Amino acid sequence: MYEDIPVIRNHEVFADDFIPAQLNHRDGQIKSLRDDLKPLIDKEQGRHVFIYGPPGTGKTCTSMYVTGELKSESIPSVYINCWETHSRFKVLYKVLEVLGLKLSIHNKGTATHELLEKMKKKLHEKSCVVILDEVDQLDDDKILYDFVTTPNLTLILISNNETVLADADPRIRSRFASADNLEFKQYTTSEIAEILRERAEIGLVPGVIQNSYLEKIAASTSGDARIAINSLRIAAKAADDANTGRITEEHINKALPTAEKEVKKKSIDSLNEHQQIIYKIIKSTSDVKPSDLYSSYKKECEAKQMEPIKDRTIRKYLDKLVQYKLIIASGENKWRTYSIPEF
DNA sequence: CTTCCACCGGAACCGTGGGAAA
DNA sequence: TTTCCCACGGTTCCGGTGGAAG
């Protein structure tokens, strides 16, 4: 009989969507965000917000933290990740769902404009906040116009890219001219270390990890809190599985590269069969020319006895892979080549 | 200078699947 | 049930771009 020596006390603490009770190192942004949304409490129009900054800087977390505070004022907020929910229809559908509108429709058979009308009617009497995470993944910016012309709806747009709105419809841009622009800079190494300490304190059994290990993780994750927290989670899980009762340096060393790969693997897994073939070809041939890519792809399909998709669709897929940052497209027209990013 | 070539990407279109009204 | 409606993913069509070849 083995004695179980747990290391992890609370798994939720290490989940991507965990919101700590006390959010540190983002005081300025939290205050701005609160001010922007404050009018809602007095049944007035809030100020739209545009949040930008590199991954793992607390953009999503901070938004959820502040909008969470509005719950006690019974102001609902709708969080939408535009990676998963990217069509105008689906976004509206989700908003209605959260607003508690009973929808007899499941998915098909209802016109988008009908959903829009329903939403506008509902928001006549009630205000709400809509958070659009990864806005640049929307496949149609009409939805932004829909939102911006809906009274009592305050938008929080989140993106890695500071310039997403630059080529949006001018009517959207003008509405966003008065929006609050909030920049989230990369965390410093010591800030990451402190965030890890906070998580360890509530998520791990006391004393199972040395401070210096937390600092080691912090130092090797270049300001990305999500990767840092995932590293800690993976190391803790390994210690739990090995039943060592504490996290060793070896656990840390193994966890660091795994955490970075995890994100990539997740997106590769979500690709369809054709996209995976294309990805593999690019991976095995550096700087592939489009014509070579098409022919290799067709050959591969023949070998697998599957119907190849058309070139135009391949181009659409390539576009998607570039957005996922799984591949890099360099050069224009004739000189276009595709390759896999370094590291 | 004109034609050709390889590629890009917008727009319209089409078949499919599934809910809803008749 | 049948008929209609509609979102969605993929396809068809095609104009544009810019260097190379004639």
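Atom set for the values below is all heavy atoms of this structure, side chains included, hydrogens, waters and symmetry mates excluded. Letters go in sequence order (proteins before strands), and every chain restarts at 1. All of these numbers come straight from a predicted model, not from anything done at the bench.
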> Sort and list the pairs that fulfil salt bridge (Lys or Arg N to Asp or Glu O under 4.0 Å) and have at least one residue in residues 309-328 of chain A, not counting sequence neighbours.
A:K298-A:D311
> Rest of the hydrophobic cluster containing A:W335 (Ile/Leu/Val/Met/Phe/Trp/Tyr, side-chain heavy atoms under 4.5 Å)?
none
> So A:L204 and A:R9, side-chain contact (heavy atoms from CB on, under 4.5 Å) or not? Walk me through it.
CA-CA 5 Å; A:L204 299 180; A:R9 179 157 63 168; 5.7 Å; no
> Please report, rounded to the nearest Å, how far the P atom of C:dG9 is from the CG atom of A:D139.
8 Å
> Could you give the OH-to-P distance, from A:Y93 to B:dG18, as a whole number of Å?
15 Å
> Have a look at the helix from B:dC1-C:dG22 to B:dA22-C:dT1 and give the angle its two end axes make, five pairs each, rounded to 10 degrees.
30°
> Could you write nucleotides 3-14 of chain B as a row of B, S and -, 5' to 3', where a protein heavy atom under 4.0 Å of any base atom gives B, of only sugar-phosphate atoms gives S, and otherwise -?
----SBBB----
> Cation over ring, A:R246 on A:Y213, under 6.0 Å and within 45°?
no
> Just to be sure I understand the geometry, which residues of residues 266-275 of chain A put a non-hydrogen atom under 4.0 Å away from DNA chain B?
none
> Mind calculating the distance between CZ (A:F89) and C1' (C:dG9) to the nearest angstrom?
15 Å
> How would you list, by chain and number, every residue that makes a salt bridge (charged side-chain N to carboxylate O under 4.0 Å, His left out) with A:K31, sequence neighbours excluded?
A:D35
> Below the 4.0 Å mark, does C:dG9 have OP1 or OP2 next to a side-chain nitrogen or oxygen of A:T313?
no
> Considering only distance and modelled atom types, tabulate donor-acceptor pairs under 3.5 Å from the side chains of residues 121-133 of chain A, sequence neighbours left out.
residue: A:D133; atom: OD2; partner: A:T60; partner atom: OG1; Å: 2.6
residue: A:D133; atom: OD2; partner: A:Y79; partner atom: OH; Å: 2.6

> Given that A:H86 and A:H113 both sit by DNA chain C, which one's nearest nucleotide is further toward the 5' end?
A:H113
> Is the phosphate of C:dA7 approached by A:S87 (side-chain N or O, under 4.0 Å from OP1 or OP2)?
no
> Measure from NZ on A:K320 to C1' on C:dC8 and round the result to the nearest Å.
11 Å
> Nearest whole angstrom, please: distance from the C1' of C:dC6 to the CG of A:L116.
16 Å
> Once you round it to whole Å, what is the distance between C1' of C:dT11 and OH of A:Y317?
11 Å
> Going by salt bridge (charged side-chain N to carboxylate O under 4.0 Å, His left out), name the residues that satisfy it together with A:K334, two or more places apart in sequence or in a different chain.
none
> What is the separation between atom CG on A:D311 and atom C1' on C:dG9, rounded to the nearest whole Å?
17 Å
> Quick one: which residue pairs count as a side chain to side chain donor-acceptor pair (under 3.5 Å) with a foot in residues 61-72 of chain A, not counting sequence neighbours?
A:R34-A:E69
> For A:D140 and C:dC6, give me the distance from atom CG to atom C1', rounded to whole Å.
16 Å
> Could you name each residue pair satisfying salt bridge (Lys or Arg N to Asp or Glu O under 4.0 Å) that touches residues 229-245 of chain A, not counting sequence neighbours?
A:R233-A:E262, A:K237-A:D241
> A:E250: what forms a salt bridge (charged side-chain N to carboxylate O under 4.0 Å, His left out) with it, not counting sequence neighbours?
A:K254
> Tell me which pairs pass side chain to side chain donor-acceptor pair (under 3.5 Å) where either residue lies in residues 168-180 of chain A, with sequence neighbours left out.
A:D169-A:R171
